[in-house]
Amino acid sequence: MPAIVIVGAQWGDEGKGKATDQLGHRVGHVVKFNGGNNAGHTVVVGGETYALHLLPSGILTPGVIPVIGNGVVVDLSVLFGEVDALRARGVDTSRLLLSANAHLIAPYNRVLDKTAERFLGSHRIGTTGRGIGPTYADKMNRLGIRVQDLFDEKILLQKVEGALELKNQVLAKVYNRRAVEPAEAVDELLGYADRVRPMVVDSSLLLEQALDAGSTVLLEAGQATLLDVDHGTYPFVTSSSATAGGACTGSGIPPTRIDRVAAILKAYTTRVGEGPFPTELLDAAGEHLRRTGREYGTTTGRPRRCGWFDAVIGRYAARVNGVTDFVLTKLDVLTGLDQVPVCVAYDVDGVRHDEMPMTQTDFHHAKPVLEQLPGWSEDISGARTIEDLPLNAQAYVRFVEAAVGRRVSVIGVGPDRAASIVVHDLL
Ligand code: GDP
Ligand code: IMO
Ligand code: MG
């Protein structure tokens, strides 16, 4: 049975949570495969708003098995904070599973993330300060602490001591901060062991068996294509594989079992944190998008940087993710503009680029080549078929489709679970 991957096409916050939630009642498992509580996925169900960070968005659908895959970095205090908050609102979280191979965000990595950012000053990345980068760095350095280490106290202490050997030197001598006692970190982690134990699984085995048994598996990305550590706007990226390839390494499902890749694409562009952004608007038009689209971070509350739709990025996302379907979100936010500018290419020091420039330097110099599309003024939030949209809004969708080279299968016209036009079924 099918495995479908959902990724973000731009710099995050495209509406992955809503898209995942919408398919919830038709899938058996929803797997989060990368990132951690740097993500913020907002799902609106019948007037109730849920902000999910570490939990897969499938958690809100009764019957779905939500799985935190091996590619995720887990802050246990956040995990149980979210679980308890959902339970208090009547959501059943008892099916939640956690890969034994997922890495844990140790308390010292939260400190190091924030301290390193302060140290970088004007060269900072603008991270969410959740310890994501240092935890993935430990994983790659083979100094990481995994979920399974909670069940062997001796090994856990050895690993924490190993990780802190150098980190304590850096904390004390470079950052002028207090060194961390290994026992202190171990105690904090062990405090969660009993609650974690019943949730722990071999996620690769579980998902293979689920697919063999006919379950539909949805793999939900955090972050997005341009925040991917390999394919994003490095170094202004997150530290995980947020593109479709990451769905395989971060879950244990092989590429040969993936049937569909849906990329969520906002009808304009936003970015949180530092880094290049060719279509960014620093004027009233940007403020209009921010206000109308309520573009404030779900995780940090920071105002999101806003700009026009960028077709170069859309094409790039189609390529690196092998996108089969796009979900075009927040089309309703563009309502009321006389004309809607879209970026069709870049001008890099006088040379036209139709594809993402190869180098960071060229991307930093990219100026958008804009085309003006006619706008519409009718409220489209009630549209449920493509024909319900004003002709200019239909033309906008067709333009996007042609520019990114893949079909637009779903169109978002409002935050609620129901506010979408389904042109082609994603499953
Ligand atoms: P994610 O990180 O990709 O899951 O996206 P976020 O949840 O951080 O940000 C998307 C925001 O837009 C959320 O507040 C959603 O409720 C909202 N949203 C999603 N789709 C639509 C849409 O089609 N129209 C409008 N107006 N809001 C939407
Ligand atoms: P969702 O899943 C938008 C950005 C941060 C920063 C950079 C690195 O909601 O789309 P990190 O803490 O990951 O080391 O920060 O990545 N970032 C996001 N921006 N949406 C997200 O997630 C993000 N997760 C991280 O702002 O620029
Ligand atoms: Mg978000």
Side-chain angles (χ1 to χ4, degrees), residues 6-22 32-45 48-54 56-57 72-73 75 105 109-110 112-114 116-117 124-137 220-229 232-240 242 263-277 289 292-305 327-335 379-381 383 410-421:
I6 286 193
V7 294
Q10 294 144 326
W11 276 288
D13 306 321
E14 299 91 350
K16 297 174 289 292
K18 178 186 162 189
T20 301
D21 170 70
Q22 275 180 327
K32 185 176 164 93
F33 63 80
N34 76 303
N37 57 309
N38 47 349
H41 296 185
T42 304
V43 180
V44 185
V45 188
E48 285 279 308
T49 299
Y50 299 89
L52 303 167
H53 298 284
L54 189 50
S57 303
V72 174
V73 290
D75 186 322
I105 301 183
N109 280 336
R110 284 193 300 260
L112 278 165
D113 189 1
K114 291 189 189 123
E117 280 280 279
R124 68 185 177 276
I125 306 293
T127 74
T128 58
R130 303 298 195 256
I132 306 294
T135 304
Y136 279 113
E220 179 195 18
Q223 294 74 56
T225 304
L226 292 184
L227 289 172
D228 180 281
V229 70
T233 47
Y234 191 92
F236 300 99
V237 293
T238 191
S239 303
S240 70
I264 317 303
L265 182 69
K266 212 180 280 195
Y268 50 97
T269 314
T270 62
R271 172 162 209 174
V272 193
E274 307 300 320
F277 180 177
L289 289 175
T292 317
R294 299 194 188 158
E295 296 295 354
Y296 295 89
T298 314
T299 298
T300 57
R302 290 179 284 180
R304 295 173 181 152
R305 300 158 64 192
V327 174
L328 186 68
T329 61
K330 302 190 103 163
L331 188 64
D332 52 302
V333 175
L334 298 179
T335 300
D379 178 2
I380 62 168
S381 58
V410 181
I411 302 158
V413 292
D416 196 84
R417 189 189 260 179
S420 287
I421 297 169

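Indexing begins at 1, ligand by ligand and atom by atom, following the structure's order. Basis for what follows: all heavy atoms, side chains included, without hydrogens, waters or symmetry-related copies.
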Looking at ligand 1, does G414 have a heavy atom less than 4.0 Å from it?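 In this structure, G414 qualifies as a contact of ligand 1 - some heavy atom is under 4.0 Å.
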
Quick check on G12 - does any of its heavy atoms sit under 4.0 Å from an atom of ligand 1?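 It does not; every heavy atom stays at 4.0 Å or beyond.
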
Below 3.5 Å, N or O to N or O, backbone or side chain included: is there any such pair between [X] and ligand 2?
| X | value |
| --- | --- |
| D13 | yes |
| D113 | no |
| S239 | no |
| L227 | no |
| Q223 | yes |

Single hit among Q22, E220, K18, K32 for side-chain contact (heavy atoms from CB on, under 4.5 Å) with S57: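 Of Q22, E220, K18, K32, side-chain contact (heavy atoms from CB on, under 4.5 Å) with S57 is met by E220 alone.
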
When you compare the side chain of T49 with that of T42, does any pair of heavy atoms fall below 4.5 Å?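 Yes, side chains in contact.
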
Provide, to 0.1 Å, the distance between [atom] and the closest protein heavy atom, together with that atom's residue and name.
| atom | value |
| --- | --- |
| atom 12 (O) of ligand 2 | T128 OG1, 2.6 Å |
| atom 15 (O) of ligand 2 | T127 CA, 3.3 Å |
| atom 13 (O) of ligand 2 | T238 OG1, 2.6 Å |
| atom 27 (O) of ligand 2 | V272 O, 3.1 Å |

Determine whether the side chain, the backbone, both or neither of [X] has a heavy atom under 4.0 Å from any heavy atom of ligand 2.
| X | value |
| --- | --- |
| K16 | side chain |
| R302 | side chain |
| F236 | neither |

Nearest 0.5 Å, please: how far is OG1 in T298 from CG in N38?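 Nearest 0.5 Å value for the CG-OG1 distance: 12.0 Å.
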
CD1 on I411 to CG on L331, rounded to 0.5 Å: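 Answer rounded to 0.5 Å: 7.0 Å.
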
Please check if the number of heavy atoms outside Y296 that lie under 6.0 Å from its OH is greater than 12.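 Above 12, so yes.
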
So if I count the atoms of ligand 1 from 1 in the order they appear, which ones are less than 4.0 Å from some heavy atom of [X]?
| X | result |
| --- | --- |
| G17 | 4 (O) |
| G412 | 23 (O) |
| R304 | 8 (O), 9 (O) |
| T298 | 8 (O) |

Can an N or O of [X] be found at a distance shorter than 3.5 Å from an N or O of ligand 1?
| X | answer |
| --- | --- |
| G15 | yes |
| K330 | yes |
| V44 | no |
| A419 | no |

Minimum-distance N/O/S atom that D13 presents toward the Mg ion (ligand 3):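 Restricting D13 to its N, O and S atoms, the minimum distance to the Mg ion (ligand 3) goes to OD1.
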
When you measure from [atom] to each heavy atom in [options], which option holds the nearest one?
| atom | options | result |
| --- | --- | --- |
| atom 2 (O) of ligand 2 | Q10, H41, E14 | H41 |
| atom 14 (O) of ligand 1 | T292, T42, D21 | T42 |
| atom 18 (N) of ligand 1 | P415, A267, G222 | P415 |

Metal site the Mg ion (ligand 3): N/O/S of G40 inside 2.8 Å: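 Looking at G40, which is the residue asked about, there is an N, O or S atom under 2.8 Å from the Mg ion (ligand 3).
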
Show which atoms of ligand 2 fall inside a sub-4.0 Å distance from at least one heavy-atom site of [X].
| X | value |
| --- | --- |
| I125 | 27 (O) |
| G12 | 10 (O), 20 (N) |
| G222 | 2 (O) |

Side chain to side chain donor-acceptor pair (under 3.5 Å) between T127 and D113, worked out: CA-CA 8 Å; T127 74; D113 189 1; 3.0 Å; yes

May I ask whether G126 places a heavy atom under 4.0 Å from ligand 2?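 Yes, G126 has a heavy atom closer than 4.0 Å to ligand 2.
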
Is the closest heavy atom of V237 to ligand 2 under 4.0 Å?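 A heavy atom of V237 does come that close to ligand 2.
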
Quick one: does any side-chain atom of R110 pair with a main-chain N or O of D75 as donor and acceptor, under 3.5 Å?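 Not confirmed, R110 side chain does not pair with D75 backbone.
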
Among R302, K266, R271, salt bridge (charged side-chain N to carboxylate O under 4.0 Å, His left out) partner for E295: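 Answer after filtering R302, K266, R271: K266.
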
Between T238 and Q223, does any side-chain donor sit less than 3.5 Å from a side-chain acceptor?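 No, no side-chain donor-acceptor pair sits under 3.5 Å.
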
E274/R124 salt bridge by N-O under 4.0 Å criterion: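 A salt bridge is present here (some side-chain N lies under 4.0 Å from a carboxylate O).
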
